[in-house]
Colleague: 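I have a structure I would like to understand better, so I am pasting it below and will then ask my questions one at a time.
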Number of protein chains: 2
Amino acid sequence: MSQPRLDQIDRRILHELGKDGRISNAQLAQRIGLSPSPCWQRVRRLEQQGVITNYCAILDQVKLGAAEIVMIEIVLERHDDETLETFGNRMQKMPEVLEVHLTTGEYDYLIKVAVDGTRGYEEFLRRKLYHVPGIRHSRSSFVLRTLKDVQAYLPED
Amino acid sequence: MSQPRLDQIDRRILHELGKDGRISNAQLAQRIGLSPSPCWQRVRRLEQQGVITNYCAILDQVKLGAAEIVMIEIVLERHDDETLETFGNRMQKMPEVLEVHLTTGEYDYLIKVAVDGTRGYEEFLRRKLYHVPGIRHSRSSFVLRTLKDVQAYLPED
DNA sequence: GGTGAAAATTAGAGGTA
DNA sequence: TACCTCTAATTTTCACC
């Protein structure tokens with residue numbers, strides 16, 4: 001269950017649903033060369049197994065009014081459990097923070113933030129990030145262009 | 001059109017569809033307190049305006065067999081258009097590369113890669129990344145835990 | 001923004017190999 | 001076990017208030 005076996009048909013289903021999560025079951029079945037019923041049963045099974053965790057609409061961040069993405073690496077002052085935990089919790093709660101990753105390497109956290117221009121970035125730093133205690137150092141990189149952004153990778157085997 | 005005005009109802013629609021992209025129009029209408037027809041018209045309009053760009057299934061990367069995520073910062077040897085372009089194109093084509101961002105700051109590209117353990121990471125580096133010419137330096141961080149990963153941020157106004 | 005109804009789709013039951 | 005056919009119930013989609 002934690003590593004369900006996925007045959008070629010499952011893979012094709014996942015591939016199609018990854019590209020278009022609102023495709024009708026009838027169309028999906030046609031594309032993968034199955035009749036609707038077994039196709040639907042497989043989709044159900046994949047959902048129940050947790051391979052498919054959710055479906056969601058992909059929104060255009062530019063049209064929502066926070067067009068710039070900034071990647072911020074953060075080094076904390078201390079590395080005990082509580083400091084790490086607390087910082088992560090604070091970050092999670094900020095709506096403009098899209099991703100929060102606890103990492104190993106030369107920094108502790110990598111966060112991805114959506115801001116409205118440099119003005120929005122400055123506001124985020126001053127009103128939000130710098131109010132969170134325990135940050136030793138942060139390093140930001142503005143995203144000039146995102147060439148690829150997909151949710152998942154389906155290994156061949 | 002490039003910055004469509006979104007009223008409160010639009011925002012609630014986007015919020016709901018961001019959480020569940022397969023919700024039926026009837027249910028969506030009920031949640032936002034509208035009857036199905038105008039709700040559906042708004043969804044259509046948001047799609048046509050490009051605010052909603054797509055729908056997709058969210059897959060569990062662990063169950064797909066490439067459980068680890070690595071963030072790799074890359075500095076290129078040269079920074080002319082062609083070098084930058086070529087590198088980005090090569091990265092995009094690798095299926096295990098989930099995200100490719102051209103950035104400003106202390107590195108040129110940030111890529112997010114799904115690998116199967118340190119073994120998979122080593123394979124990626126040796127068989128894929130290090131075959132791409134023009135890399136001056138790279139710096140990797142393994143993701144220990146992802147606390148948040150959402151697609152979009154909907155500013156209040 | 002609401003109503004209603006035709007068309008399409010889903011979500012299964014039951015059957016075959 | 002895996003797939004197919006068939007169908008009732010739901011949902012989408014659209015013309016018209």
Side-chain angles (χ1 to χ4, degrees), chain A residues 1-60 63-65 151-152 154-157, chain B residues 1-65 151-152 154-157:
Chain A
M1 182 76 166
S2 65
Q3 285 283 59
R5 258 186 289 114
L6 303 170
D7 65 20
Q8 280 309 115
I9 298 175
D10 289 329
R11 288 171 188 284
R12 288 170 67 188
I13 289 174
L14 293 171
H15 185 244
E16 293 299 330
L17 287 177
K19 282 194 303 186
D20 180 1
R22 275 211 131 172
I23 188 176
S24 77
N25 183 61
Q27 264 194 286
L28 178 61
Q30 201 180 0
R31 286 199 201 169
I32 63 168
L34 226 56
S35 68
S37 180
C39 177
W40 183 80
Q41 281 172 22
R42 278 169 182 268
V43 172
R44 260 302 143 89
R45 198 196 66 227
L46 291 166
E47 288 172 0
Q48 279 164 7
Q49 286 175 328
V51 178
I52 297 170
T53 57
N54 195 13
Y55 297 88
C56 73
I58 306 298
L59 310 181
D60 183 334
K63 299 205 169 142
L64 299 181
Q151 277 299 305
L154 200 57
E156 288 300 311
D157 223 30
Chain B
M1 181 76 165
S2 65
Q3 284 284 59
R5 259 185 290 113
L6 303 171
D7 64 19
Q8 280 310 114
I9 297 176
D10 289 330
R11 287 170 188 286
R12 288 171 66 189
I13 289 175
L14 293 172
H15 185 244
E16 292 298 330
L17 286 177
K19 282 194 304 186
D20 180 1
R22 275 212 129 171
I23 187 176
S24 78
N25 182 61
Q27 263 194 286
L28 177 61
Q30 200 180 0
R31 285 198 201 169
I32 63 168
L34 227 55
S35 67
S37 178
C39 177
W40 183 80
Q41 282 171 23
R42 278 169 182 268
V43 172
R44 265 298 138 89
R45 198 196 67 230
L46 291 166
E47 288 172 0
Q48 279 163 9
Q49 286 174 329
V51 178
I52 297 170
T53 58
N54 196 13
Y55 297 88
C56 74
I58 306 298
L59 309 183
D60 182 334
Q61 191 61 63
V62 173
K63 298 207 170 140
L64 299 181
Q151 277 299 304
L154 201 56
E156 288 298 311
D157 218 28

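Each chain gets a letter, A, B and so on, in the order its sequence line appears, and its residues count up from 1.
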Colleague: Does A/Arg44 place a side-chain N or O at less than 4.0 Å from the phosphate oxygens OP1/OP2 of C/dT10?
Modeller: no
Colleague: To the nearest angstrom, how far is B/Ile13 atom CD1 from C/dG1 atom C1'?
Modeller: 12 Å
Colleague: For C/dA11, take OP1 and OP2 only and decide whether either is under 4.0 Å from a side-chain N or O of A/Trp40.
Modeller: yes
Colleague: Starting at CG of A/Leu34 and ending at C1' of C/dA11, how long is that distance when rounded to a whole Å?
Modeller: 16 Å
Colleague: Between A/Ile23 (CD1) and C/dT9 (P), how many Å, whole number?
Modeller: 11 Å
Colleague: Using modelled atom types and a 3.5 Å cut-off, is there a donor and acceptor pairing between side-chain atoms of A/Thr53 and backbone atoms of B/Asp60?
Modeller: no
Colleague: Ignoring the backbone of A/Arg42, work out which of C/dT10, D/dT12, D/dA2 is nearest its side chain.
Modeller: D/dA2
Colleague: Looking at B/Pro155, is its backbone amide N or carbonyl O close enough to the side chain of B/Arg11 to form a donor-acceptor pair, meaning the two atoms are under 3.5 Å apart?
Modeller: yes
Colleague: Can any side-chain N or O of B/Asn54 pair as donor or acceptor with the backbone N or O of A/Lys19 at less than 3.5 Å?
Modeller: yes
Colleague: Quick one: label A/Ile9 by what it contacts on the DNA or RNA (base, sugar-phosphate, nothing), any heavy atom closer than 4.0 Å.
Modeller: sugar-phosphate
Colleague: B/Ala26 has a side chain; which of C/dG2, C/dT10, D/dT12 sits nearest to it?
Modeller: D/dT12
Colleague: CD of B/Glu47 versus P of D/dT12: gap in Å, rounded?
Modeller: 12 Å
Colleague: So if I take every side-chain heavy atom of B/Asn25 and compare against C/dG2, D/dT13, D/dC3, which nucleotide ends up nearest?
Modeller: D/dT13
Colleague: Need to verify one output field. Residue with the more 5' nearest nucleotide on DNA chain C, A/Gln41 or B/Asp7?
Modeller: B/Asp7
Colleague: Please name the pair of heavy atoms, one in A/Cys56 and one in B/Gln151, separated by the smallest distance, quoted to 0.1 Å.
Modeller: SG-CG, 4.3 Å
Colleague: Start at the 5' end of DNA chain D and walk down; is the nucleotide closest to A/Ser35 or to A/Arg22 reached first?
Modeller: A/Ser35
Colleague: Could you check whether the side chain of B/Ser24 and the base of D/dT11 have a donor-acceptor pair of N or O atoms closer than 3.5 Å, going by distance alone?
Modeller: no
